[in-house]
Amino acid sequence: MPPTLDTHSRQHRWAFCFVFAVGLLFAAFTQHAWEDYYITYRTSKNIALGNGAVFQIGERVHSFTSAFNTLVPAFFSWLGGNRSDVFALWGYRVVSLGALAGGAWMLSRVASRCGLGAAGRWAIVLLLVLEVKITDYSINGQEIGFMVFFISAGFYTLLVVERRKWVALGASWAGLMWTRPDAFVYGGAVAAGVFFFAVAESGHADRRALLGTFVKAALLGAVIYLPWVCWAAWYYGSPVPHTILAKGLNPFPPQAFGARAFLQSRLDVESLGLVFMPAYSIALGGWPAAMHTFSTLVAICCASYWLVPSAGRLGRAASFAFALANLYLSQVAAYPAPWYLPNASVLGIVVLGAMLHDLRHIRPVAWIAGSAVFGHFAFVFFAGAWQLRQQQAIIEDGNRTPIAHWLRDHSLSANESVFLECLGYIGYFSQLKMLDYPGLCAPEVVAARRKLGTNDWSAIVRELRPNWLVLRPREEAEMRRNDPKLFEEEYVKTRVFDVSDRVNALGAMPGRGYLECDETFTIFRRAGT
């Protein structure tokens, strides 16, 4: 291991500044605010207004997953006198980007401490910020900036910190749990990687000593996280978010892709094929198939690098953690959602930096591999930024937000209910009673699904009789097939919101399907109301 004294402190600071600056530019260019952010922010705003940690005033439903993702926007909303949602979002962005940049700083130091040269260190930093999902989900209101920070803190604590490791590690694990309730998977994956492949680098005499550090850290982390568990159990009746209960009733099926025979029983190629690609790149299409193939091959290399005996220990530790993360996303999580994937992406990026360093003696291979990887990341980053800019302008600001305002203006009271899937913008800006599928904020929907034993939307609508339906064309078509009389007897078409002409005017664009998915919505009102 190199000397304890870090001789690259200025470069590490530059890494922080670079990631933070690129993130700000990305946010300013795209202005992207994720649909799910406004699900959480409705609760955040109610906290700031003194209405309680609720989505619908008077209903204690645990409709969010991340504590940090809810409390930080609530603080900035309160700080701005609850007068500006834009101020709250930008406040959250700055904090989140600070966390992401802090993660880059820690990973740069980890790479330096483990002997990676300047090329390996900067490869990690550059790829971290060029991975479009990591940067986007750090500025669009999701929690990835915090996840990257605490995952990086796990590496940093184990491989750089020299005293009282268990205290720093326990704090980082608690931070992960305050960020996502399933985050122990990623903290545990990092710990397992170091345990099997980097004991010497961790400064422990043997694995038994390292295991003792893990035990003390886990106890401390549990103590720090326990107040949230106790409060949630008291306030909501259960510490388990209602979002998890709703999604758990009907796990989303994985999208078919690729050579599924590879590691079929352990690592689903689906998550590996998505981890270095933009959000919904397969489910909604619009990206070159060759990019998916290349991304999958890169991810497979990262997931199997721990099997190479001559590889560097940091690379093998990160590779093993990456493999475990994909195992979780593929075999345990309901499906590899785009906002889950960056938690694995950051681990894969550490592997890529270590791999490029290990290949330094074979320069032609290093140059070719490095150029291909950086070219892929750069194209996805810039094309993805353009896609998200259009998504925000045309779909979020130009379609879903006007739908919300129309519903608010045409409803007789705030208690009128709306059945729909896309809960965020429409739910926040209308402030109506939401009966969303699968029931993230609506226990009534979950109860109806259990009572009826079905996920058929038309049956759920007949059971709950919402005042309004907001449907995409494919959702309407499916409901008409299942129950044609529903739209003849119960609901009347009232308004169509269609921005397909603006989407078509964009011409050729990677990821076009992401916009086409939400370009048209039809509003139905229950007859007689």
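Any value given below was found using the heavy atoms of this structure, including those in side chains, with hydrogens, waters and symmetry copies removed.
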* Under 6.0 Å between ring centres, would you say that holds for Phe320 and Trp306? -> yes
Residues 373-388 side chain polar contacts: donor-acceptor under 3.5 Å, at least two apart:
unit_1: His376; atom_1: NE2; unit_2: Phe276; atom_2: O; d: 3.1
unit_1: Gln387; atom_1: NE2; unit_2: Gly511; atom_2: O; d: 2.9

* Structure fact -> Partner of Asn69 under side chain to side chain donor-acceptor pair (under 3.5 Å), picked from Tyr92, Trp178, Tyr37, is Tyr92
* Run the ring pair (Phe, Tyr, Trp, His ring centres under 6.0 Å) check on Tyr236 and Trp231 step by step: do they pass? -> CA-CA 8 Å; Tyr236 297 112; Trp231 178 85; 5.6 Å; yes
* Structure fact -> Of all heavy-atom pairs linking Pro338 and Ala279, the shortest is CB-CB, 3.6 Å
* Asked: Are side-chain heavy atoms of Trp287 and Pro278 found at a separation under 4.5 Å?
  -> yes
* **Sequence neighbours excluded - salt bridge (Lys or Arg N to Asp or Glu O under 4.0 Å) pairs with any residue from residues 286-313** => Glu201-Arg313
* Asked: Heavy atoms, side chains only, cut-off 4.5 Å: are Phe26 and Ile139 in contact?
  -> yes
* Using the salt bridge (Lys or Arg N to Asp or Glu O under 4.0 Å) rule, collect all pairs that involve residues 371-385, keeping only residues at least two apart or in two chains. => none
* Asked: Can you tell which of Val350, Val346, Leu272 makes a side chain to side chain contact (heavy atoms under 4.5 Å, CB included) with Phe322?
  -> Leu272
* For Val503 and Glu516, which heavy atoms make the closest approach, and how far apart are they? -> CG1-CG, 4.0 Å
* Mind checking the CD1-CD spacing from Ile349 to Glu131? Nearest 0.5 Å is all I need. => 5.5 Å
* To do: With sequence neighbours left out, write down each residue that passes side-chain hydrogen bond (donor to acceptor under 3.5 Å, both in side chains) with Tyr156, or none if nothing qualifies.
  => Arg109
* Inspect the contact between Glu478 and Arg474 and indicate whether a charged nitrogen and a carboxylate oxygen are less than 4.0 angstrom apart. => no
* Asked: Just by distance, with hydrogens left out, do Thr65 and Thr243 show a side-chain donor and acceptor under 3.5 Å apart?
  -> yes
* **Sub-4.5 Å side-chain heavy-atom contact between Thr40 and Pro73** => no
* **With sequence neighbours excluded, residues passing side-chain hydrogen bond (donor to acceptor under 3.5 Å, both in side chains) with Tyr428** => Lys45, Asp85
* **Flag for His242-Ser63: side-chain donor and acceptor within less than 3.5 Å** => no
* Asked: In Å, rounded to the nearest 0.5 Å, how long is the span from CG of Asp36 to CD1 of Ile39?
  -> 4.0 Å
* Structure fact -> Nearest heavy-atom contact between Gln392 and Thr30 is CB-O, 3.7 Å
* Please determine if Arg207 forms a cation-pi arrangement with Phe195, meaning its NZ or CZ atom is less than 6.0 Å from the six-membered ring centre and no more than 45° off the ring axis. => yes
* **Modelled atom types, side-chain donor and acceptor of Asp358 and Tyr305, under 3.5 Å** => yes
* To do: Please round to the nearest 0.5 Å and tell me the distance separating atom CG of Leu107 and atom OG of Ser112.
  => 12.5 Å
* Asked: How about Phe76 and Trp90: are their ring centroids closer than 6.0 Å?
  -> no
* Output yes when a side-chain donor or acceptor of Ser108 lies under 3.5 Å from a complementary backbone atom of Ala104, and no otherwise. => no
* **Backbone N/O of Cys422 and side chain of Asp436: donor-acceptor pair under 3.5 Å** => no
* Closest heavy-atom pair and its distance - Ser319, Val351 -> N-CG2, 3.3 Å
* **Nearest-0.5 Å distance that lies between atom CG in Leu176 and atom OH in Tyr186** => 10.5 Å
* Any donor-acceptor pair under 3.5 Å from Arg113 side chain to Val160 backbone -> yes
* Taking the side chain as every heavy atom from C-beta outward, state whether Leu158 and Phe214 have any atom pair closer than 4.5 Å. => yes
* Does the Lys165 side chain pair with the main chain of Ser202, one donor and one acceptor, at a distance under 3.5 Å? -> yes
* Please check if the distance between the ring centroids of Trp457 and Phe419 is under 6.0 Å. => yes
* Shortest non-hydrogen contact from Leu220 to Gly170? -> CD2-CA, 4.2 Å
* To do: Under the side-chain contact (heavy atoms from CB on, under 4.5 Å) rule, collect the residues that match up with Pro473, sequence neighbours excluded.
  => Thr520
* Structure fact -> By salt bridge (Lys or Arg N to Asp or Glu O under 4.0 Å), Glu444 pairs with (sequence neighbours left out) Lys433
* To do: May I ask you to decide if Glu396's main-chain N or O and Asn399's side chain share a donor-acceptor pair within less than 3.5 Å?
  => no
* Asked: Do the non-hydrogen side-chain atoms of Phe29 and Leu25 ever get within less than 4.5 Å of each other?
  -> no
* Asked: Do any N or O atoms from the side chain of Ser330 and from the backbone of Asn326 form a donor-acceptor pair under 3.5 angstrom?
  -> yes
* So do Met147 and Pro342 actually touch side chain to side chain, heavy atoms under 4.5 Å? -> no
* Kindly confirm or rule out a cation-pi arrangement of Arg316 over Phe197, judged by NZ or CZ under 6.0 Å from the six-membered ring centre and within 45° of its axis? => no
* Asked: Hey, what do you get for CG (Asn140) to CD (Gln31), rounding to the nearest 0.5 Å?
  -> 12.0 Å
* How would you list, by chain and number, every residue that makes a side-chain contact (heavy atoms from CB on, under 4.5 Å) with Val54, sequence neighbours excluded? -> Asn46, Arg60, Tyr235
* **side-chain hydrogen bond (donor to acceptor under 3.5 Å, both in side chains) against Thr213, all qualifying residues, sequence neighbours excluded** => His204
* To do: Just jot down the salt bridge (Lys or Arg N to Asp or Glu O under 4.0 Å) partners of Arg472, sequence neighbours excluded, or say none.
  => Glu421, Glu475, Asp518
* To do: Sequence neighbours left out, what passes side-chain hydrogen bond (donor to acceptor under 3.5 Å, both in side chains) with Ser138? Give chain and number order.
  => none
* Counting only N and O atoms by type, is there a donor-acceptor contact under 3.5 Å from the side chain of Glu35 to the main-chain atoms of Leu423? -> yes
* Would you say the side-chain atoms of Thr70 pair up with the backbone N or O of Ser44, donor to acceptor, closer than 3.5 Å? -> no
* Only counting residues at least two apart or in another chain, list the ones meeting salt bridge (Lys or Arg N to Asp or Glu O under 4.0 Å) with Arg180. => Glu143, Asp182
* Counting distance only, does the side-chain N/O of Thr43 pair as donor-acceptor with the main-chain N or O of Ala53 below 3.5 Å? -> no
* Asked: Can you find a pair of side-chain heavy atoms, one from His12 and one from Arg121, that are under 4.5 Å apart?
  -> yes
* Minimum side-chain heavy-atom gap Leu24-Leu97 below 4.5 Å -> yes
* Structure fact -> Between the OH atom in Tyr38 and the OH atom in Tyr425, the distance rounded to the nearest 0.5 Å is 5.0 Å
* Structure fact -> For Leu356 and Ala366, the nearest pair of non-hydrogen atoms, with its separation, is CD2-O, 4.0 Å
* **Ser172 (side chain) donor-acceptor with Leu169 (main chain) under 3.5 angstrom** => yes
